[in-house]
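Only this structure's heavy atoms are used, side chains among them; waters, hydrogens and symmetry mates stay out. For reference, positions follow the sequence shown, starting with 1. Remember, it's 1-based here, ligands and their atoms both numbered in the order they're listed.
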Amino acid sequence: MSIIAESLGRIKPSPTIAVTTKAAELRAAGRDVIGLGAGEPDFDTPDNIKTAAKTAIDEGKTKYTAVDGIPELKKAICEKFKRENGLDYEPSQVSVGSGGKQIIYNAMVATLNPGDEVIIPTPYWVSYPDMVLLGGGEPVFVGTNDNTGFKMQPADLEAAITPKTKWLIFNSPSNPSGAAYSRAELKALTDVLKRHPHVWILSDDMYEHLVYDEFEFVTPAQVEPELYGRTLTMNGVSKAYAMTGWRIGYAAGPVELIKAMAKVQSQSTSNPCSISQYASVEALNGPQDFLATRAAAFEKRRDLVVGMLNAAEGITCPKPDGAFYVYPSIAGCIGKKSPSGKLIENDLDFVSELLEAEGVAVVHGDAFGLSPYFRASYATSEDALTKACTRIQKFCASLT
Ligand SMILES: Cc1ncc(COP(=O)(O)O)c(C=O)c1O
């Protein structure tokens, strides 16, 4: 009998990490590989944030802290929610964890009973379904497509709700599609949720600051105050402040839920890194002007990639409003043969052959629950993007 728990058989390791690993292996073997698989900004953490961390070390702020965050950070988070989202939260309503990932995990483990259902629109961030499964719940998928910009339609949400529904996990701008909901689109969804008071909303706002063309970011508790009492508004410093390695994520919501999440954290990892917490206080309280500069750089890259991918034979690439991913369809490539003679039957075949033939690493749509697409991250230099897209065009042209 295996030592490994049966529950682990229900989940899979992160497929996005698998692609990054495969690309690294090819690179180590001497191949020229361009990775468009990464889910992190290529920019550096701003200097004022690094300095705050160094000061924290010098001042001896290197010991255990309160399990779910130091008071200074909770205060900074409350001010952020007020300033940027018009939401009122008290420090007792705030939880800080080791990344947004831990926050979502804590919320699932703290709330799910066996058989509880969690609605997840597809394509989804890879970790949602597995976190639900680890918490003992059942993911319920709601499909979208590129005709509606990969946005969940209110009627589809309504149809997916059952008496067992505990949560909707909502993510805008979305990883992997980049889809971002306008106020009107979100209001149409919150109108549905208003009719189902037993459903809670976890809003993953991780890509809030990465929106383009003057898109107005909004979050559910802001659009529909009636949902405030059953919404967990989650965010983090990873993407906005280029702090993926510092591991700080946070959320705000009803006190009972926040206390339960702290209980989970207290018996697993305890407090997030003390130094990272002080750095995050500076991230949230310090100058914010670089956010717009970086978003402008991402917007330029998005336009470059969307233009070049649409020029590739068999690829259709919608223009997303946010995040740093594109999610193009490869429907026009299915049924063709690659130069190695392999029939492209699905998006996994496409990305595998692309990596082999042209040394470009992207992630297949099936990993995010919606095929036939792939996800390409444009969080890399314009030079690398131009080179990668030229190779993708070449690969598509070589299909017969
Ligand atoms: C949609 C989404 N939510 C949450 C996270 C987790 O972020 P963190 O690195 O803070 O754990 C990510 C990271 O890729 C993400 O894309």
Using modelled atom types and a 3.5 Å cut-off, is there a donor and acceptor pairing between side-chain atoms of Ser371 and backbone atoms of Tyr373?
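Answer holds: no.
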Is [X] close to ligand 1, meaning an N/O of one under 3.5 Å from an N/O of the other?
{"X": "Asn171", "result": "no"}
{"X": "Asp204", "result": "yes"}
{"X": "Lys101", "result": "yes"}
{"X": "Thr244", "result": "no"}
{"X": "Ile104", "result": "no"}

For [X] and [Y], take the angle between the two ring planes, folded into 0 to 90°, and tell me which bin it lands in: parallel under 30, tilted 30 to 60, perpendicular over 60.
{"X": "Tyr327", "Y": "Phe368", "result": "perpendicular"}
{"X": "Tyr378", "Y": "Phe298", "result": "perpendicular"}
{"X": "Phe395", "Y": "Phe350", "result": "perpendicular"}

Residue pair [X] / [Y]: nearest heavy atoms and the distance that separates them:
{"X": "Lys61", "Y": "Ser274", "result": "O-OG, 2.8 Å"}
{"X": "Lys50", "Y": "Thr45", "result": "CE-O, 3.2 Å"}
{"X": "Pro173", "Y": "Ala323", "result": "CB-N, 3.6 Å"}

Looking at [X], which atoms of ligand 1 are within less than 4.0 Å of one of its heavy atoms?
{"X": "Tyr128", "result": "1 (C)"}
{"X": "Gly99", "result": "10 (O), 11 (O)"}
{"X": "Ser238", "result": "8 (P), 9 (O), 10 (O)"}
{"X": "Lys239", "result": "12 (C), 13 (C), 14 (O), 16 (O)"}
{"X": "Arg247", "result": "8 (P), 9 (O), 10 (O), 11 (O)"}

For atom 7 (O) of ligand 1, closest protein heavy-atom neighbour:
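Minimum-distance protein heavy atom for atom 7 (O) of ligand 1 reads Met206 CE, 3.3 Å.
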How close does the nearest protein non-hydrogen atom get to atom 6 (C) of ligand 1, and which residue and atom is it?
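That would be Trp125 CH2, 3.6 Å.
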Sort out for me which residue in Leu202, Ile169, Thr122 forms a side-chain contact (heavy atoms from CB on, under 4.5 Å) with Tyr128.
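Answer to the side-chain contact (heavy atoms from CB on, under 4.5 Å) test with Tyr128 among Leu202, Ile169, Thr122: Ile169.
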